[in-house]
Every structure is written in C-alpha cells, then in structure tokens.
Amino acid sequence: MSNVNKVVIDFFRRIDYPELSIEELSAKIAEEFEPLAKLLHIGRFTESINAPESILSINGLHHVENIYIAENGVGERPVTYTYITGEKGTVETVFYPEKGYEWNDDEKSEIHFISDMIYNIQGKARMASVIKRLLITDMATGAFNAAGMHMHCEKIKEKNELDKYSLIFLNLKNFKFVNKIAGERQGDMVIRDYARKLIEYIVDGECAARPGGDNFMVLIRKNRERDFLGFIDNISFTVGNDENRQTINLSARVGVYEINSEDTANDAISGASAALGRTKRIGVHNVVRFSRDILMQTIQGNEILNLFTDALRSREFEIYYQPKIRLSDKALCGCEALTRWIRNGKVVPPIDFIPVLENDGSICRLDFYVLETVCADIRRWLDSGIEPVRVSVNFSKMHLNNPELAEHIIDVLKKYDIGSKYIEIELTESSAYEEYGALENLVAKMREYGISTSIDDFGTGYSSLNMLKNLDVDIIKLDKSFLDNLDGNNTNDEVVVRHIVNMVNDLNMKVVAEGVETGEQADLLNNINCSMAQGYFFDKPMPCIDFEKRLSGARVY
Ligand code: C2E
Ligand code: CA
Ligand code: CA
C-alpha cells in the first residue's frame, strides 16, 4: 500500500463513527487532519455550511468553520468544491495549498476525493441529527415538542442547574374563538407565531416547547420569571384579510412550577401541569403557582378518578333534593337535584369531587346518572299517585362539546315516560366565547321540547348581562353571594338585586334566589318581586325519602 493510501485510509477510519454529532465530527476531523494535510501539502481547510430556513431550523444555518490551518502559512489558488444537501442547503469545502506550494492535477484529484469522502461522512451525521431533531420538534411551529422539553431539562439537570429555572405551562384562553373568527388556517398561524414569540423571548439555557394544541411550556430562569409573565400577558396578533383586520390579545392560563434541586425533569413538567390544571378549575385566576397542596389535590384527584367508575356502578352516588319555594304564597314549587357521594358510610360533598370530574370530563357521566335517577324517582312518584314538582338537574359546561346533548336528554325522559314539564336543566353561565354558541343551541332545542332551562350561579361570571339579553332561558338563579349583605338596610347589594330582579321579570324570565338563609332575606326578596327561593331557611338538600314526605304533605311553608 502506498503511503498516501495508508494515511488516507487511517484518517477516514479515525473519523467514521456513526454516533458522532455534527459538531463532534467536525472536532474529530480537525483533530485527525494534520497527517493528511502534511502529506498533501494542504495549508488550510475551511468548510462553510448554508442551510435554508425550515421548520427544523427556524433561522436556517450559516456557518463557516476553519477546520485546519497550517503553522507555516497558507499559499494561494485554493480549490473549492460545492455540494447540495438533501435539505436544499449547500456545503462548500475550500482547500488552500501550503505556503509556496502548487498542486499538480493528481494531487488536486486526491484532494477532490478527500473532500467528497468528508462530505459523505458528514452527510450521515447530518441525517442522524435531522432524525433526532424531528423526534423532539413540533412540526407545526418548529418549537420543541414535549419530548424536546424533557430532553432539554435533563441536559440542564446533568449540569446541576435545573433549580435555577421555573417551568411554566401555558394554555391560551379562548383560542377556539380565534379559530372561529379568523379561520383555522390563520389560527394555525397564530399558534406558530405565538411559539416564535416565545422562542425569541428566551435566552441561553431557557427553552420553549409546544406539547400540542394551544398549550405551551417554557423553561425560564427564575430571575426572569416575573418579566416573562408580564410579557405573555400582553401578546397580540392581527388576523383577518385586507378588508377586515382585527387585533386580538391572547392571554393564557398559567401554571408555574419553581424547580427544586432534587427535582427531575419529570417532576418539573408534572408540577407545572398540575398547577395549570388548577387554574382551569378555579377559573378566575390566570396564574397558579405550584404548591404542596396542589400536589396533594392531584393525588386525591387521581384517586377520585380511579374510584369513580366503580362508584357509579355500585350506585354510591345518591341524589339529594333541595326544595324551591314560591315566595308569594310560600308553596313548594320545585326542587334541585344535588349529588352526594356516600363512601364508606360518609357523605362526600360535591366540592370535593365535582371539580376533579369536571377537569377530566367524567362529570358528563355523573350528570346523566343524576338525570336518570331523577327520572326514575319521578316515574315512581307518578306511579304511586304523588304529583311531582319540577326537578332541576345540573349539567356541567363540559357537555357543551357534545352535539347530541339535547337528544340524549330527551331520550332519558322518553325512557321513563316523563313529561318535559317535570325537568329543568341548570347550566352555569359561561365566560368562554367558544361555548356560547353551543349554549344558545342547547337552550333553543330544550325550548322546542318544552324542557325549561336555567342559568345557575348568575352574576359570578363575566358575561351576565349579555347572557340575559341573548339567551332564551326560563329561569335565572341568582348566586348566593348577592344575598350575603341583604339584611334590610338598603345596601348597594339590595339595589343591585332589585334591578336584576326587575330586569329579569321584564324579560319574561323568573328569578330563583339561591342560598336564602333568613326570614328577612325571604321577605325582602318577596317585596322586590323575586319569584322563588331556595336555601337553608326553608330546607337543606335532603335524601329522596325525606323529600317524598314533603311532596305528600301540605306543601306550604
Ligand atoms: P349549586 O348548583 O350552586 O348548588 C347549590 C349549592 O348551594 C348546594 O351545594 C346547596 O347545598 C347549597 N345551598 C343551598 N342552600 C344554601 C344556603 O342557604 N346556604 C348555603 N351556604 N348553601 C346553600 P352542594 O350540594 O354542596 O353543591 C355544590 C355544587 O356542586 C353545586 O352548586 C353544583 O354546582 C355542584 N353539583 C352538585 N351536584 C351536581 C351534579 O349532579 N352535577 C353537576 N354538574 N354539578 C353538581
Ligand atoms: Ca345548581
Ligand atoms: Ca347555584
């Protein structure tokens, strides 16, 4: 074997490790290049890489690297070879002779061969890195996906620096509304631009990812966390076409997890996600910090979800009925069905499990279970000659995604052969635009079938007045919070309540005041023409057998 061959073969053996990254490979080439350079009188070897913008490389790649420079100087008349890469980029290799040296044609073709070989070996590394990058990239935005965030956190953890950061989980508010007004294509662009804004904001060590949908994750330095929360509070986009432009402000629900030194990447991600889950549940506050509490609640939450299906099957959920009273004559005029979970002989109140079921969507099964049980009770009353009152059943907003909700409700009534006048559906007022249309549809369909609807907890959401104007419901349930200061001393609250009642009456709907606890409140409400009341002053929610006694009794308070 000639000396040239031996040196060349040695060189390629030394650099051809398939597992090297592109950077490691370049370093390796630089390290091993000298014998080859000496042999072929190469004074300098540079490589410039240009990759176009792509989803995998948002700004493209433009990079010149001096791989080898001889100590005793560089000559003239370099040779240059250009390659087009699979990603439509270019790689250019430039070789200069040693100072004072001039290559003959044989030497030039040897150098050409070496250039080709180096390009091919680098090609393998480039391919491997593209595949690696694909697996951790969200293709819609070019940001990391969840796996990418996880990998990034683990890298920082290896350096023992993860506790310098907080992990922030974001969920855009009302994003479906953007899709609706701007169309899905622009919606997708907004998501992409949102990701870009996050990527532009972050600095070295930080990381932005999109795990999917309208969710984002950001690893941010603790000392920049406040600024970051301010930044995302104020992100706006212009959507629409030339005739009709609209600026939308996108705000987000935010779960923040301050990473501790013992935490793993998984702890950080699940902590932030639990905190975000909590913001969705409490609704009003946009930012929730992780705390030990939340962790406990998540654990209990998981436990509740694990138990739920079995509990439903073994009928651990019992329906309590709370009477509603017509204030003008104090007659029993209806009732509300409220769930209790009887677990190991103890009564678990709804506040302990409804939010968990709501978060997970399981609430829909519970609500239908309640409706069925109520219909079965009404059927039994009718069969034994007891005239029922109208029973209202709570339906969570989670149902609004179900386009067949109205039909399902009607099917249940049919199954028990119950007249529609005996059932009322309570819906909570909604702050989300995307749910509004669905709410309107449901109310309209219910009216078609003669089933009453009511707006629950009226006055606690954002859009109360709009809802009043636009929704064709029968009943408004005035939230208990309005009654707390209603003591006959003509406070502001009294003025507000009076106006709401007047307005609702004018719109041909009726008001049920919730949480009436005193006789004074009941009198005052009656004086301002509030139709009905429900509350501890009259009755607490009671088991079915007790309520049956009310139904069979005088029915007047
Ligand atoms: P809600 O629909 O607003 O129900 C009224 C709540 O106020 C009931 O709480 C009732 O016991 C309570 N309440 C009634 N009168 C008074 C009073 O005079 N003073 C006070 N302090 N409270 C009074 P409960 O039964 O604990 O239910 C809490 C919430 O859980 C309900 O609020 C409702 O949103 C939800 N919930 C209960 N059952 C169901 C169900 O089957 N499905 C769904 N989706 N939600 C349910
Ligand atoms: Ca209710
Ligand atoms: Ca209520």
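First listed ligand is number 1; within each ligand, the first listed atom is number 1.
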Chemist: Where's the contact between K540 and ligand 1, heavy-atom distance under 4.0 Å: side chain, backbone, both or neither?
Modeler: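 Near ligand 1, K540 shows nothing, with every heavy atom at 4.0 Å or more.
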
Chemist: Do me a favour and list the nearest non-hydrogen protein atom to atom 27 (O) of ligand 1 with residue, atom name and distance?
Modeler: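 The closest heavy atom on the protein side is P350 CG, 3.4 Å.
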
Chemist: Hey, is there an N, O or S on N394 sitting under 3.0 Å from the Ca ion (ligand 2)?
Modeler: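 Yes, since at least one N, O or S atom of N394 sits under 3.0 Å from the Ca ion (ligand 2).
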
Chemist: Short list, please: which atoms of ligand 1 are under 4.0 Å from a heavy atom of P541?
Modeler: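 Numbered from 1, ligand 1 contributes 11 (O).
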
Chemist: Have a look at ligand 1 and work out which part of V516, if any, has a heavy atom under 4.0 Å from it: side chain, backbone, both or neither.
Modeler: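 Looking at V516 and ligand 1, just backbone atoms fall under 4.0 Å.
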
Chemist: Answer with yes or no after comparing the ring centroid distance for F537 and Y557 against a 6.0 Å cut-off, counting only values under it.
Modeler: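 Ring centres of Y557 and F537 not closer than 6.0 Å.
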
Chemist: I'd like to know if P349 contacts ligand 1, where contact means a heavy-atom distance under 4.0 Å to any ligand atom.
Modeler: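 No, that is not the case, since the closest heavy atom of the residue is not under 4.0 Å from the ligand.
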
Chemist: Show which atoms of ligand 1 fall inside a sub-4.0 Å distance from at least one heavy-atom site of D457.
Modeler: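 Once the distances to D457 are compared, the set is 3 (O).
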
Chemist: Looking at atom 8 (C) of ligand 1, what's its closest protein heavy atom, distance included?
Modeler: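 Answer for atom 8 (C) of ligand 1: L338 CD1, 3.9 Å.
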
Chemist: List every atom of ligand 1 that sits less than 4.0 Å from any heavy atom of I363, numbering the atoms from 1 in the order shown and giving each element.
Modeler: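 Contacts of ligand 1 toward I363, numbered from 1: 44 (N).
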
Chemist: Is a donor on one side and an acceptor on the other found under 3.5 Å between the side chain of R390 and the backbone of C333?
Modeler: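 A pair under 3.5 Å: no.
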
Chemist: Answer yes or no for L366: is there a heavy-atom contact with ligand 1 below 4.0 Å?
Modeler: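 The answer is no, since L366 has no heavy atom less than 4.0 Å from ligand 1.
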
Chemist: What's the shortest distance from atom 39 (C) of ligand 1 to any protein heavy atom, and which residue and atom give it?
Modeler: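 So the nearest neighbour among protein heavy atoms is T339 OG1, 3.3 Å.
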
Chemist: Can a side-chain donor-acceptor contact be found between E225 and S166 if the only test is distance below 3.5 angstrom?
Modeler: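 Yes, because at least one side-chain N or O of S166 sits under 3.5 Å from a partner of the opposite role on E225.
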
Chemist: Closest non-hydrogen protein atom to atom 18 (O) of ligand 1, residue and atom name please, with distance?
Modeler: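 Checking every protein heavy atom, the shortest distance to atom 18 (O) of ligand 1 gives Y536 N, 2.7 Å.
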
Chemist: Ignoring angles and geometry beyond distance, decide whether E336 reaches within less than 3.5 Å of ligand 1 through its nitrogen or oxygen atoms.
Modeler: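 Among all N and O atoms of E336, at least one is under 3.5 Å from an N or O of ligand 1.
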
Chemist: Could you check whether any heavy atom of R340 sits closer than 4.0 Å to an atom of ligand 1, since that is the contact criterion I want to use?
Modeler: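 Flag set, R340 near ligand 1.
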
Chemist: Of all the atoms in ligand 1, which lie at a distance below 4.0 Å from a heavy atom belonging to V370?
Modeler: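 Going through ligand 1 atom by atom, the ones under 4.0 Å from V370 are 41 (O).
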
Chemist: List ligand 1 atoms under 4.0 Å from E517, heavy atoms only on the residue side.
Modeler: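 Matching atoms, with element in brackets: 17 (C), 18 (O), 19 (N), 20 (C), 21 (N).
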
Chemist: Check whether Y320 forms a cation-pi arrangement with R340 (NZ or CZ under 6.0 Å from the six-membered ring centre, at most 45° off the ring normal).
Modeler: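 Yes, R340 and Y320 form such a contact.
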
Chemist: Regarding atom 15 (N) of ligand 1: of the candidates K480, Q322, Q534, which has the closest heavy atom?
Modeler: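 Minimum heavy-atom distance to atom 15 (N) of ligand 1 goes to Q322.
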
Chemist: Does E358 approach ligand 1 within less than 4.0 angstrom via side chain, backbone, both or neither, non-hydrogen atoms only?
Modeler: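 None of E358 does.
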
Chemist: Among the N/O/S atoms of E426, select the one at the shortest distance from the Ca ion (ligand 2) and name it.
Modeler: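 For E426, the N/O/S atom sitting closest to the Ca ion (ligand 2) is OE1.
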
Chemist: Just to be sure I'm reading this right: ignoring hydrogens, which of D539, D367, D479, D456 gets closest to atom 2 (O) of ligand 1? Compare them by their nearest heavy atoms.
Modeler: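 Among D539, D367, D479, D456, the closest heavy atom to atom 2 (O) of ligand 1 comes from D456.
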
Chemist: Taking both backbone and side-chain atoms into account, decide whether E336 has an N/O/S atom under 3.0 Å from the Ca ion (ligand 2).
Modeler: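 So E336 counts as coordinating the Ca ion (ligand 2), yes.
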
Chemist: Using a cut-off of 6.0 Å, state whether more than 12 heavy atoms not belonging to E184 lie near its atom CD.
Modeler: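 It does not: E184 CD has 12 such atoms or fewer within range.
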
Chemist: Report yes or no: do K421 and S452 form a side-chain donor-acceptor pair below 3.5 Å?
Modeler: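 Absent: no donor and acceptor within the cut-off.
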
Chemist: Between the side chains of D539 and Y321, is a donor N or O closer than 3.5 angstrom to an acceptor N or O?
Modeler: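 On atom types as modelled, these side chains do not qualify, holding no pair under 3.5 Å.
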
Chemist: State, to the nearest 10 degrees, the angle whose vertex is the Ca ion (ligand 3) and whose arms point to OE2 of E514 and OD1 of D456.
Modeler: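 Rounded to 10°, it measures 90°.
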
Chemist: I'd like the atom name of the N/O/S atom in D457 lying closest to the Ca ion (ligand 3).
Modeler: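 This turns out to be OD1.
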
Chemist: Hydrogens and angles aside, do Q322 and Q534 bring a side-chain donor and acceptor to less than 3.5 Å of each other?
Modeler: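 The answer is yes; a qualifying pair exists.
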
Chemist: Among all protein heavy atoms, pick the one closest to atom 36 (N) of ligand 1 and tell me residue, atom and distance.
Modeler: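 The answer is I354 CD1, 3.8 Å.
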
